[in-house]
Amino acid sequence: MHTTSPNSRSEPVRRADGSSINILVVDDEPSLTELLSLVMRQESWDVRSVRNGSAAIRAARGFRPDAIVLDVMNGIQLLPRLRGVLPDVPILFLTALDSLQDRLVDLRAGADDYVTKPFSLEEVVIRLRGLLRRSRAARARPDDGLVVGDLTLDQETHQVRRADKEIRLTPTEFELLRFLMHHPGRVLSKAQILDRVWAYDFGQSNVVELYISYLRRKIDAHREPMIHTVRGVGYTIRPAVVASVSRP
């Protein structure tokens, strides 16, 4: 693992009310958690580290973290329990699995992002900054709501509704939908989506396809579709086309 320190000139990420960010680290390697805690405290974040699932659930309820760093070896089984306590908190996986298929499995399990071992401490902090800026915790000021057809998105409360039915999204799903809804009818390429939603080059466009499929299951399930693929170009969102019924 590289121990490069984060750039001290980077603008610190804080909660919308100005208070410190809380980070929960779940890993059973004391040397690693000590290094992670040290570098995160340099960001003026409050950090709590735990070694097992029971302690993680207690910390999730009491510490109320704004983001969670979770070792994948214990995290796959623990993640659903954490989501039950904190459904909207972004989760960063630490994984030794480096193949594309393994990384996609991590994302399908519910992680919002991942870093592969060995990693630099700077990379972990950069990924956390991105997750926090996309989450409700670090939203500096609310924007106006977005509306496309019967789909509405409130950027202050993070509520998403279609035809008055509430839809629960993870932070990454929310940011992807928000980006699409900012540009209704416009075809956005995978590269544009990677740059805006993940704020760095994943190196693989498969993650965009994966999260588009997640959104479709939640936004378009049993309804006229709003999210469309333009083959070879990208993705777009537009109001659903409802077939009109002709009258005699």
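The figures here come from the full heavy-atom set of this structure, side chains too, leaving out hydrogens, waters and symmetry mates.
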Less than 4.5 Å apart, any side-chain heavy atom of [X] and any of [Y]?
X      : Y      : value
Glu166 : Val160 : no
Val69  : Leu94  : yes
Met181 : Leu151 : yes
Leu79  : Phe93  : yes
Leu176 : Leu215 : yes
Arg238 : Met226 : no
Val148 : Pro239 : yes
Leu188 : Tyr235 : no

Any chance you could measure [X], atom [atom1], to [Y], atom [atom2], to the nearest 0.5 Å?
X      : Y      : atom1 : atom2 : value
Leu32  : Asp27  : CG    : CG    : 5.0 Å
Leu24  : Asp46  : CG    : CG    : 12.5 Å
Tyr211 : Glu173 : OH    : CD    : 6.5 Å
Arg51  : Asp71  : CZ    : CG    : 12.0 Å
Ser49  : Met40  : OG    : CE    : 10.0 Å
Phe63  : Ile68  : CZ    : CD1   : 10.0 Å

Show the nearest heavy-atom pair for residues [X] and [Y], with the distance to one decimal.
X      : Y      : value
Val115 : Leu92  : N-CD1, 4.3 Å
Gln192 : Phe179 : O-CE2, 3.8 Å
Val26  : Ala56  : CG2-CB, 3.8 Å
Ala59  : Arg48  : CB-CD, 4.2 Å
Leu36  : Phe119 : CD2-CE1, 4.4 Å
Gln155 : Leu153 : CG-CD2, 3.3 Å

Is the side chain of [X] donor-acceptor paired with the backbone N or O of [Y] at a distance under 3.5 Å, no angle test?
X      : Y      : answer
Thr236 : Arg186 : yes
Arg127 : Tyr114 : yes
Arg83  : Val89  : yes
Arg41  : Val47  : yes
Glu209 : Asn206 : no
Glu175 : Thr172 : no
Ser37  : Glu34  : no
Asp28  : Asn52  : no
Asp66  : Asn22  : yes

In terms of hydrophobic clusters joined by side-chain contacts under 4.5 Å, are [X] and [Y] together?
X      : Y      : value
Val147 : Phe174 : no
Ile212 : Val187 : no
Leu38  : Ile23  : no
Ile227 : Val230 : no

Trace of the side-chain contact (heavy atoms from CB on, under 4.5 Å) decision for Leu128 with Asp113:
CA-CA 9 Å; Leu128 282 172; Asp113 201 353; over 6 Å; no

Less than 3.5 Å apart, any donor N or O on the side chain of Thr229 or Arg216 sitting next to an acceptor on the other?
yes

In sequence, state the C-alpha distance, the side-chain angles, and the governing distance for Leu82 and Leu86, and then conclude on side-chain contact (heavy atoms from CB on, under 4.5 Å).
CA-CA 6 Å; Leu82 287 171; Leu86 299 170; 5.8 Å; no

Tell me every residue that passes salt bridge (charged side-chain N to carboxylate O under 4.0 Å, His left out) with Arg168, counting only those two or more places apart in sequence or in another chain.
Asp88

Please assess Thr152 against Leu146 for the test side-chain contact (heavy atoms from CB on, under 4.5 Å), listing each intermediate value before the final yes or no.
CA-CA 6 Å; Thr152 62; Leu146 300 173; over 6 Å; no

Among all residues two or more places apart in sequence or in another chain, which pass the side-chain hydrogen bond (donor to acceptor under 3.5 Å, both in side chains) test with Asp220?
Arg162

Who are the side-chain hydrogen bond (donor to acceptor under 3.5 Å, both in side chains) partners of Arg223, not counting sequence neighbours?
none

Would you sort out whether Thr33 and Val50 count as a side-chain contact (heavy atoms from CB on, under 4.5 Å), showing the intermediate values?
CA-CA 9 Å; Thr33 56; Val50 297; over 6 Å; no

